[in-house]
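The structure appears right after this line, and notes come after that.
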Amino acid sequence: QARFSYLHMKYLFFSWLAVFVGSWIVYVEYSTYTELCRGHDCKNSICDKYRKGVIDGTACSSLCEKETLYLGKCFTAKPNSQVYSGNWGDLQGVIKCQMEEAPHYDLGGEMEPRKEAAPVAFNKPTKGTSVEKFREMIISHLKAKVGDQANLADLGTQVLSFTDSNKDGHISLPEARSTWALLQLNEFLLALVLQERDHTPKLLGFCGDLYMMEKVPYSPLYGISLPWIIELWIPAGLRRSMEQWFTPSWPHKAKIAIGLLELVEDIFHGTYGSFLMCDVRTTTFGYNERHDFKVVDARYIIPEATFQERIRQQRCDVDEDCLYGTDCLTSCDLTKHRCTPEVTRPNLAKVCDTLKNYIQRGAPSDLSDELEKQLYACMALKGLAEQMEIEHSLILNNLKTLLWKKISHTKDS
């Protein structure tokens, strides 16, 4: 009886401890989440600037006057930005709001708020700036972001066309301020660069640096999105198994994979320079009803020139100190204790890592061995993509061709 009583008490103690710890975790997570999800504050801040004539854009009137555009469910909350579902008349999309709290950027990919006052987001261009001067500002900014590319003048012209939100043939100071604020965002810059492609969701409207994108119906790339409170209790092994239960048929997966490979191709020495993919987790990507690949979160697809300038300033003692996002790693120069600017793995190798389990599972038997061989060759790519451009292009084209041949004669293509 004494032994039974001891075991009973021990069981009750550990049960109580588990409930207490679990409740505390839920409380902390929920408190942080609700504190950061401030859609009402975001709207009020933007609309206050619109009414004062500081900013303007295609979505301002609907958001602040007609109230036909409204923020719905909060998907993602960080100190410097939030993501909400959005409804604009018959359109459904995703609204991204940049908060005024000034973020502190570190090369580990996390952003924390600074304690000092936030910088003014809409202080450029200043009153009296001519359209030609604004165009020069745009081109200079783009040059700093993507490097000295031959087509920057064309891109600058596209930005000016975008800036004229009401299409009256004139660019107002509030319109220019909104565009300038948007140009600071990697995701907006990528959407601008790839606007003729279908890899990024379409920009539906903007007001200041708040903007609404086309909704990507299916995300992450594979697996399921679970409420954070459930995610806390699912073991990692079970989570990986569950991810494979909720995927499209293999031909559809092949089509999605081809789209991801085409994105790699587009941002490698593209029309407006090279971009680095610094977060290739499955949550970054998705697809639509036609199984067309889409980028869901482009914050960590960063111009190579911007990345190199930023990483050079990073002090380091080991290579792990030179990580940006989750996937852009450089080496540490121990003689200077500064990070070197060149990433250790090209985009294609990292993408093949992400695709391996996704595309191999359920692959046709006559394709499986060759697919595995090509994926491992792809994952083995190291060093600068520029130094192995022929090999990079060969592997990428071989993979696309292998997948396309298998599905090109089917309705799934």
Side-chain angles (χ1 to χ4, degrees), residues 190 193-201 216-223 240 243-271 274-277 280-296 298 301 327 345-383 385-413:
L190 186 73
V193 168
L194 297 178
Q195 61 182 326
E196 295 179 0
R197 305 287 287 174
D198 294 326
H199 304 316
T200 54
V216 179
Y218 301 101
S219 173
L221 185 63
Y222 62 89
R240 285 192 294 270
E243 286 178 345
Q244 295 293 345
W245 300 345
F246 299 91
T247 57
S249 64
W250 189 87
H252 287 149
K253 289 195 291 185
K255 182 182 179 183
I256 295 165
I258 290 171
L260 178 50
L261 292 170
E262 286 176 344
L263 172 67
V264 174
E265 193 171 26
D266 287 341
I267 64 176
F268 175 62
H269 291 321
T271 307
S274 296
F275 287 71
L276 295 176
M277 300 173 71
V280 294
R281 291 176 297 179
T282 57
T283 50
T284 308
F285 310 117
Y287 56 95
N288 61 17
E289 293 89 347
R290 299 187 303 275
H291 298 92
D292 297 321
F293 168 81
K294 297 284 184 181
V295 176
V296 175
I301 301 181
D327 294 293
R345 299 185 77 199
N347 292 334
L348 183 58
K350 295 178 288 190
V351 162
C352 286
D353 264 337
T354 300
L355 286 178
K356 180 179 175 294
N357 291 332
Y358 178 65
I359 200 67
Q360 276 195 290
R361 188 180 179 91
S365 56
D366 60 335
L367 184 78
S368 183
D369 290 344
E370 180 61 23
L371 179 60
E372 182 178 23
K373 176 183 173 183
Q374 292 199 24
L375 283 170
Y376 275 104
C378 175
M379 291 158 55
L381 286 170
K382 297 282 186 182
E386 290 87 345
Q387 295 174 356
M388 55 173 70
E389 189 164 346
I390 295 176
E391 183 181 6
H392 181 279
S393 299
L394 185 63
I395 289 175
L396 192 150
N397 288 328
N398 284 345
L399 263 173
K400 283 173 55 182
T401 301
L402 183 69
L403 295 173
W404 181 247
K405 280 184 176 179
K406 198 64 184 177
I407 65 169
S408 59
H409 63 284
T410 69
K411 64 178 181 179
D412 300 306
S413 64

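Values below: all heavy atoms of this structure, side chains included; hydrogens, waters and symmetry mates excluded.
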Do the non-hydrogen side-chain atoms of Asn347 and Lys350 ever get within less than 4.5 Å of each other?
yes
Any chance you could lay out the salt bridge (charged side-chain N to carboxylate O under 4.0 Å, His left out) test for Asp292 and Lys255, step after step, and finish with the verdict?
CA-CA 7 Å; Asp292 297 321; Lys255 182 182 179 183; 3.4 Å; yes
I need the Cys378 SG to Leu261 CG distance, nearest 0.5 Å.
7.5 Å
When rounded to the nearest 0.5 angstrom, what is the spacing between CE in Met379 and CD1 in Ile395?
12.0 Å
Taking all atoms of both residues into account, what is the closest heavy-atom pair of Trp250 and Arg361, and its distance?
CD1-O, 3.6 Å
Give every residue pair that meets the salt bridge (Lys or Arg N to Asp or Glu O under 4.0 Å) criterion with at least one member in residues 362-380, sequence neighbours excluded.
Asp366-Lys406
Sidechain N-carboxylate O distance under 4.0 Å for Arg345, Asp353
yes
Note: Lys294-Asp198 ion pair, threshold 4.0 Å (strictly below):
no
Working note: Asp266 + His199, criterion side chain to side chain contact (heavy atoms under 4.5 Å, CB included); need CA distance, chi angles, decisive distance, verdict.
CA-CA 10 Å; Asp266 287 341; His199 304 316; 3.1 Å; yes
Quick one, Thr247 and His252 - any side-chain contact, counting heavy atoms below 4.5 Å?
no
Worked verdict on Lys405 versus Thr401 for side chain to side chain contact (heavy atoms under 4.5 Å, CB included):
CA-CA 6 Å; Lys405 280 184 176 179; Thr401 301; 3.7 Å; yes
Quick one: are Phe285 and Ser219 in side-chain contact, heavy atoms under 4.5 Å?
no
Is Thr284 reaching over with its side chain to a backbone N or O of Arg281, donor-acceptor style, under 3.5 angstrom?
yes
Do the non-hydrogen side-chain atoms of Val296 and Thr283 ever get within less than 4.5 Å of each other?
no
Between Leu371 and Leu403, does the side chain to side chain contact (heavy atoms under 4.5 Å, CB included) criterion hold? Intermediate values first, please.
CA-CA 8 Å; Leu371 179 60; Leu403 295 173; 4.1 Å; yes
Tell me, please, which residues at least two apart from Glu262 pass side chain to side chain donor-acceptor pair (under 3.5 Å).
none
Can you check whether Glu265 reaches Asn397 side chain to side chain, under 4.5 Å on heavy atoms?
yes
Atom of Ala257, atom of Leu355 and distance for their closest heavy-atom approach:
CB-CD2, 3.9 Å
Nearest-0.5 Å distance, CD1 of residue Ile258 to CG of residue Leu399:
10.0 Å
Interatomic distance, CG@Leu276 vs CZ@Phe268, rounded to 0.5 Å, equals 10.5 Å
With sequence neighbours excluded, tell me which residues meet side chain to side chain contact (heavy atoms under 4.5 Å, CB included) with Pro217.
Asn288, Glu289
Ring centres under 6.0 Å, that's the criterion: do Phe293 and Tyr287 meet it?
no
Measuring from Lys253:NZ to Leu221:CG, what's the distance to the nearest 0.5 Å?
10.0 Å
Side chains of Phe275 and Leu190 in contact at under 4.5 Å (non-hydrogen atoms):
yes
Would a 4.5 Å heavy-atom cut-off, applied to side chains only, mark Val295 and Leu194 as touching?
no
Minimum side-chain heavy-atom gap Leu260-Met277 below 4.5 Å
yes
In Å, rounded to the nearest 0.5 Å, how long is the span from CD1 of Ile256 to NE2 of His291?
5.5 Å
